[in-house]
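Worksheet: one structure, shown below.
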Amino acid sequence: MSQYTPATLESLLSTLSIAGEADHASVLKHANNVLKSEKSHKRALHTKVVALINLDRYEDAFSVLSVPELAGEAALERAYCLYKLGRLEDALAAAVEGAGGDGRDERGLKHVEAQAAYRLEKFDQAAGIYAGLSRSEYQAENEDYDMSVNISATNAQLIWANGPAAAGGEDNKVDRSALDAFETAFNSACGAVARCAFGQALVLLKRARELGLQLEDLSEEERKVEVAPVLAQEAYVLAKMGRWEEALPDYNPHLSLITSAGSTTTAISSKAFLFQSKTLERNRAVLELEAGKVQAAKKLALAHLQNYPHDSEASVILAAAREGKVEKLAGRYPGDLGLSLTLAQLRMRSGNITGAIAAVESVISAAPEDQKYLPGVIGLLVGLYQHQGRRRHVKDILSKASEYWKNSPTPNHPLLRASAKAHLDKPTSADIDLHSAHSIFKILLTHSPSDPFATAGLLASTLSSPASPPPQHLQQKLTPLEKLISTIDAAALEAAGVAQPPPRKRPAEEAEGIRTKAGARVVHKKLRRLQDMQREHKRQYMTIKWDELTVKWTDTENQELVAATKIAREGIAFLTVK
């Protein structure tokens, strides 16, 4: 008679679970011996599934779960296998369905549901599940720590997906306990990066790197794998802070190409999200280009554009790979943002500002309605208009853009501020500009009640009269005039005298200075100044200030082409020609 019987199986597996510490190879052997004599033994089948899961044999475990005897049973194991096999939608559905059963494994199923939702980039759903789990008692060893890691990761992803506003109105201080463990320190750093709090992020990343290199139970090589994402984030943060030499020490595109090729993974927990994959694909094309593999870069960029036809950055990479054909490509694809901005940049380099304006205007007119008023593109066009003194055009384009963003569920504040200010600078008759500015400042003040700019703008655009003075509650939010001028010594200013413009020559004196005694032509001071300005404008050196990011157009052509599209992401871009 076999020593493996149902009775001994029940005794052996009384405390067995997915996360158990048993000798799972022995457990599997025991279950298989029981099944030799009784193939439909439900307890032995379930035991075999658990043992296979603990041995990371998820395909085999799922095959056992498909037998009729386990139909409607082992909901947690089934959902977990689907998750580990990468069938995330099925795992999510199985976890939701299983949680409505007898409730025995409900908490475990909720964890699987949250994990599947997280990997499917349904971060709001994952956050809601974790919030519910955190309100009830923890049931597994170290569950509190796992929860803190998962919640911090989900919160960081929410900020990335929805913008810094998703962080709420908190002061975003990091819990001291988060600095005690590698995972929580890294997640806190990612949250800081998402909020653009780069100084705080750099401190947290350095702490995460220190903790990662001290991880126990890992080999030196495994520690390097754990720390690799930290180093990547550090390089990103340093680049965003303009510290390029620290971000890319001894940069070698060939070695970077080899490293990126070897960093791919198939593990569900380490697999890149969709938005990350999109960026990594572009990075690969850039590395191919910098390594001199133009055809490979072109092939990757074209393949990327097949999946993401409106990705302007991929268009820029393609333009860089097809050097000298930008004019032709932009003509063939007038609505391609990346190509049009690249063309505008190349025309600016040659001093053709009018041509650059035409390129930007063309892409705006060809863009679909939801892409027509991208803040960065509008900011670039405004800067170009300002360079040519076309104030009416500035006001018109800002007015059209603000009408779009006023009705958006997420209005772009920098663009609305610029538009409102343009309406106030030189208001036209009939108070049309004042009314427009007033409506914009009201929106800004609704979203940011303590914004002094919006408050002052609303007061300035309010049509007041002796019978209807400006609202007192708005005036009280601003610094009183008496306080602003309290440190000014009017008597000292008056004693110092008032600056006077230089005396003008009489017309006859000016005419007399045109020629020398010998009759040679003398360049007038104003004319010389104009010529100096024109020469200066032809230096082909432009700086686009975009929030805190400064992109310098240098003579490195590929860098220029790839960097050009950065101005189209968000924020107002202000152009200055030096």
Under the side chain to side chain contact (heavy atoms under 4.5 Å, CB included) rule, what do K442 and H438 come out as? Steps first, then yes or no, please.
-> CA-CA 6 Å; K442 283 181 70 176; H438 192 78; 3.7 Å; yes
What's the verdict on side chain to side chain contact (heavy atoms under 4.5 Å, CB included) for W160 and V193, showing C-alpha distance, side-chain angles and the deciding distance?
-> CA-CA 9 Å; W160 275 111; V193 174; 3.4 Å; yes
Show your reasoning for whether side chain to side chain contact (heavy atoms under 4.5 Å, CB included) applies to L85 and D90.
-> CA-CA 10 Å; L85 290 170; D90 292 337; over 6 Å; no
Report the C-alpha separation of L346 and R349 in whole Å, then their side-chain angles, then the decisive distance to 0.1 Å, and conclude whether the side chain to side chain contact (heavy atoms under 4.5 Å, CB included) test is met.
-> CA-CA 5 Å; L346 293 175; R349 284 186 61 199; 4.1 Å; yes
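S365 contributes a side-chain N or O that, together with a main-chain N or O of S362, makes up a donor-acceptor pair within less than 3.5 Å. No donor-acceptor distance shorter than 3.5 angstrom exists from the side chain of S448 to the backbone of L445, with no hydrogens or angles considered.
How far OG of S399 is from CD1 of I440: 7.0 Å, rounded to the nearest 0.5 Å. To the nearest 0.5 angstrom, I397 atom CD1 is 9.0 Å from L415 atom CG. Atoms OG1 and CG, on T184 and N150 in that order, are 11.5 Å from each other to the nearest 0.5 Å. Distance NZ/K372 to CD1/I378: 9.5 Å, rounded to 0.5 Å. To the nearest 0.5 Å, atom OG of residue S277 and atom CG of residue N307 are 11.0 Å apart. We find the CZ-CZ distance between R209 and F186 to be 12.5 Å, quoted to the nearest 0.5 Å.
Put simply, the side chain of L158 reaches to within 4.5 Å of the side chain of D124, judged on heavy atoms. A 4.5 Å side-chain heavy-atom check between R284 and E288 finds at least one atom pair inside the cut-off. Using a 4.5 Å cut-off on side-chain heavy atoms (C-beta onward), R207 and V174 make no contact. Proximity of K278 to H304: side-chain heavy atoms (C-beta onward) are separated by under 4.5 Å at one or more points. Between K206 and E234, the closest side-chain pair of non-hydrogen atoms falls below 4.5 Å. Between L381 and V394, every side-chain heavy-atom pair lies at or beyond the 4.5 Å cut-off. Taking 4.5 Å as the limit, some side-chain heavy atom of L374 sits within range of a side-chain heavy atom of L337.
Listed by chain and number, the residues in a side chain to side chain donor-acceptor pair (under 3.5 Å) with Q371 amount to none (sequence neighbours excluded). Scanning for side chain to side chain donor-acceptor pair (under 3.5 Å) contacts around S402 gives S419, with sequence neighbours left out. Looking at residues two or more places apart in sequence or on another chain, you find a side chain to side chain contact (heavy atoms under 4.5 Å, CB included) between A247 and L238, A239. With sequence neighbours excluded, no residue forms a side chain to side chain donor-acceptor pair (under 3.5 Å) with R391. Under the salt bridge (charged side-chain N to carboxylate O under 4.0 Å, His left out) criterion, R390 pairs with no residue, sequence neighbours left out. Annotation: side chain to side chain contact (heavy atoms under 4.5 Å, CB included) contacts of A356 (sequence neighbours excluded): A344, R347, M348, L384. Under the side chain to side chain contact (heavy atoms under 4.5 Å, CB included) criterion, Q125 pairs with L92, E113, A117, K122, I129, sequence neighbours left out. Residues passing the side chain to side chain donor-acceptor pair (under 3.5 Å) test with H393: none are found, sequence neighbours excluded.
Taking the six-membered ring for Trp and the full ring otherwise, F273 and Y118 have centroids separated by under 6.0 Å.
Screening residues 406-415 for salt bridge (Lys or Arg N to Asp or Glu O under 4.0 Å) gives E403-K406 as the qualifying pairs, with residues at least two apart or on separate chains. Note on residues 335-378: pairs passing ring-ring contact (aromatic ring centres under 6.0 Å, His included), not counting sequence neighbours, are Y373-Y404. Residue pairs meeting the salt bridge (Lys or Arg N to Asp or Glu O under 4.0 Å) criterion with at least one member in residues 413-422, sequence neighbours excluded: R417-D451, K421-D425. For the salt bridge (Lys or Arg N to Asp or Glu O under 4.0 Å) condition, no pair includes a residue of residues 298-310, sequence neighbours left out.
Heavy-atom minimum distance, L424 versus G457: CD1-O, 4.2 Å. When all heavy atoms of A189 and L204 are compared, the pair lying nearest together is CB-CB, 3.6 Å. Nearest approach of N412 to W405, heavy atoms of both residues: N-CE3, 3.5 Å. Y83 and A91 make their closest contact through N-CB, 3.5 Å (heavy atoms, listed as atom of the first residue, atom of the second, distance). Annotation for P449 and T455: closest pair O-OG1, 4.4 Å, computed over non-hydrogen atoms. In terms of heavy-atom proximity, A460 sits nearest to L434 at O-CD2, 4.2 Å.
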